[in-house]
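Keep in mind it's a predicted model, so treat the numbers as computed, not measured. First listed ligand is number 1; within each ligand, the first listed atom is number 1.
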Amino acid sequence: MRKCWLRLAPVVLALVLPAASGWAQNQSPDHRVDPAVNKPVDDEGHAWWQHAVFYEIYPRSFADSNNDGVGDIPGITSKLDYLRWLGVDAIWIAPMFPSPEVDWGYDVSDYYNVNPDYGTLKDMDALVAQGKQRDIRVLLDFVLTYTSDQNKWFQEAMSSRTNPKRDWYIWREGKGAGAEQPPNNWTSNFGGSAWKHDAASGEWYYHYFYPPQPNLNWRNPEVEKNMFDVTRWWYERGIAGFRLDAVDVMFVDSRFQDNPVVGNEKNAFGDPVEHEINDKNQPELHGVLQRLRKVADEHNAVLIGETWTNDIDQLKRYYGKHSDEVTMPMDFMFTMVNKLSPPDFRKQIDWVDGSGGWPVYVLSNHDIQRVYDRYGDGVHNDQIAKLMASLYLTLRGTAVMYYGEEIGMENNDPKRPEDVKDSRGRVGWPKDKGRDGERTPMQWSAEANAGFAVTAPWLPVDERYKTYNVSSEKSDSKSILNYYRQLLTLRHTNKALLDGKYVALNENDSNVLAYARSYKGQNVVVVLNMSGVAQKVKLNLAAKGVEARSAKTLLSSFGAPERVSLNEISVEAFGAWIGETE
Ligand code: GLC
């Protein structure tokens with residue numbers, strides 16, 4: 001959760017809970033379907049992505065086909081059958097473009113090629129084609145806010161103040177008598193000033209992240225044209241869409257005003273904490289997103305947003321007033337609920353479910369500590385992994401998984417500063433150890449290096465791999481992997497889970513999160529015991545207009561009986577029960 005902490009720290013989450021949850025509030029799920037993009041796949045008018053499960057792949061760590069210790073594209077292709085078996089419908093691959101790797105691919109030096117570490121364009125074409133055969137769509141990561149300083153565009157921009165590409169980036173004069181101070185007080189998300197001095201021209205350029213990641217100037221129409229062309233080029237190669245990286249920082253205040261400083265606090269990098277009102281969330285952003293969406297629509301593609309927001313209104317804006325911006329803005333406020341707290345989850349789900357847009361749930365990714373140890377108590381982590389899976393995979397909306405969550409991978413954080421590969425961890429050590437821990441190699445088997453590679457992998461494999469790996473878990477009917485698989489099968493086949501309204505139940509319970517998914521008289525009920533004590537739950541369904549006394553168990557994490565009385569559902573500590581009313 002480090003990243004969220006850093007990016008949201010100064011902001012008070014001053015949110016107002018909608019008046020009531022339940023039927024009334026949830027009457028109108030978003031059934032709008034854009035005719036160009038999204039052919040409805042069911043009577044409700046839902047499009048493929050609304051029923052799909054997305055799976056994020058960190059290419060360096062997923063599967064290594066040539067045993068060099070680094071994952072690659074042919075490696076991903078070789079695992080498509082596994083992903084189909086699991087129930088994944090689309091993969092989003094974190095950046096696989098050529099890159100000097102100062103930020104592991106989020107510094108792109110060429111948007112029209114594949115990083116040689118990962119393969120070739122031909123390999124990418126093969127992946128798309130093989131995916132198509134298995135009904136798995138491929139999405140890429142569009143790093144559109146900044147490029148690498150090694151990108152030829154920036155090299156040209158650097159070459160002189162009058163170069164035509166100079167204005168593709170953000171340049172300013174420094175402050176002070178000799179212009180020796182940065183143009184304003186904005187700080188980089190990775191520590192220090194967000195401005196770097198260019199000795200040759202005497203000007204400073206702006207980088208919200210590392211200095212080698214100069215921000216593009218999206219106010220220049222040529223930037224927009226060229227970046228949109230990048231997406232067209234990939235759509236024409238069969239890419240089904242993009243995850244849009246760091247959209248909140250695409251624009252900065254055109255007057256370059258200082259950010260207000262919040263108190264005397266310092267962040268992990270020793271910088272003052274700022275209220276980021278001038279370097280984030282500028283209104284022009286939404287115009288670009290609308291136009292980018294049009295291009296996506298023309299190619300039948302979808303856009304997932306890395307949409308960090310402070311409140312539900314900001315999140316709503318990303319959907320667009322006419323559902324015409326980001327197809328799937330991920331709700332990161334959900335990931336900010338950092339403890340097993342039914343009231344906090346309930347509140348967050350109510351907001352998002354009632355927002356009018358189609359919710360997109362995510363619990364972990366390459367920037368966020370893994371679920372296993374984030375919510376785990378050190379004793380019941382396996383149960384808790386199943387509990388959390390039962391949450392984000394049964395809500396109304398689209399779920400985005402992160403590789404390895406399905407086998408209970410945990411964070412394997414570096415122990416010594418000299419082992420850190422994420423530059424952010426190098427700068428932030430020891431307060432911020434970086435994100436290596438959530439990016440370690442996928443654990444495929446109990447063999448050496450978890451079957452990932454024969455050579456030592458680029459990051460160390462978690463030592464629990466002998467038990468927590470795909471091969472061993474496949475043959476254990478009680479494993480986290482088999483639980484995920486059953487859950488995904490249920491999610492894909494049960495009409496109430498596909499299309500049903502979200503109905504909060506037992507809203508005053510602080511131990512158990514319970515809700516129904518209700519579709520034309522069919523009710524699936526989900527009961528999640530977030531406490532370490534077994535609970536007997538009486539579901540108050542009548543209050544929500546549902547007349548039912550018993551239910552048949554569809555899935556439980558603890559071996560619940562086939563039928564249960566809704567007056568008394570026994571749920572083990574950290575247990576999950578999913579049933580259908582009769
Ligand atoms: C995005 C990526 C993150 C990266 C950052 C800066 O937030 O998700 O991994 O470090 O951009 O490039």
List the steps, then state whether side chain to side chain contact (heavy atoms under 4.5 Å, CB included) holds for Glu203 with Arg166.
-> CA-CA 11 Å; Glu203 285 189 317; Arg166 183 77 171 180; 2.6 Å; yes
Under 4.0 Å, heavy atoms only, figure out whether ligand 1 is touched by the backbone of Tyr210, its side chain, both or neither.
-> neither
Side chain to side chain contact (heavy atoms under 4.5 Å, CB included) against Asn163, all qualifying residues, sequence neighbours excluded = Glu156, Ser159, Ser160, Lys165
For Asp149, side chain to side chain donor-acceptor pair (under 3.5 Å) partners two or more places apart | none
Less than 6.0 Å separating the ring centroids of Phe332 and Trp308?
-> yes
Counting heavy atoms under 4.0 Å, the part of Trp308 that contacts ligand 1 is neither
Residues Asp413, Lys433: salt bridge by 4.0 Å N-O rule | no
Which of the atoms in ligand 1, numbered in the order shown and given with their element, are less than 4.0 Å from a heavy-atom of His366?
-> 2 (C), 3 (C), 8 (O), 9 (O)
Trp104 heavy atom under 4.0 Å from ligand 1 = no
Could a heavy atom of Arg435 be found less than 4.0 Å from some atom of ligand 1?
-> yes
Does the ring centre of His207 sit less than 6.0 Å away from the ring centre of Phe190?
-> no
Per-atom filter on ligand 1: closer than 4.0 angstrom to a heavy atom of Arg439 are 9 (O)
Are any of the side-chain nitrogens in Asp432 or Arg424 under 4.0 Å away from the carboxylate oxygens of its partner?
-> yes
Which atoms of ligand 1 are found less than 4.0 Å from any heavy atom of Asp367?
-> 2 (C), 3 (C), 7 (O), 8 (O), 9 (O)
Identify, by atom number and element, the atoms of ligand 1 in contact range of Arg243, meaning under 4.0 Å from any of its heavy atoms.
-> 8 (O)
Determine, using heavy atoms of Tyr208 and all atoms of ligand 1, whether some pair is separated by less than 4.0 Å.
-> no
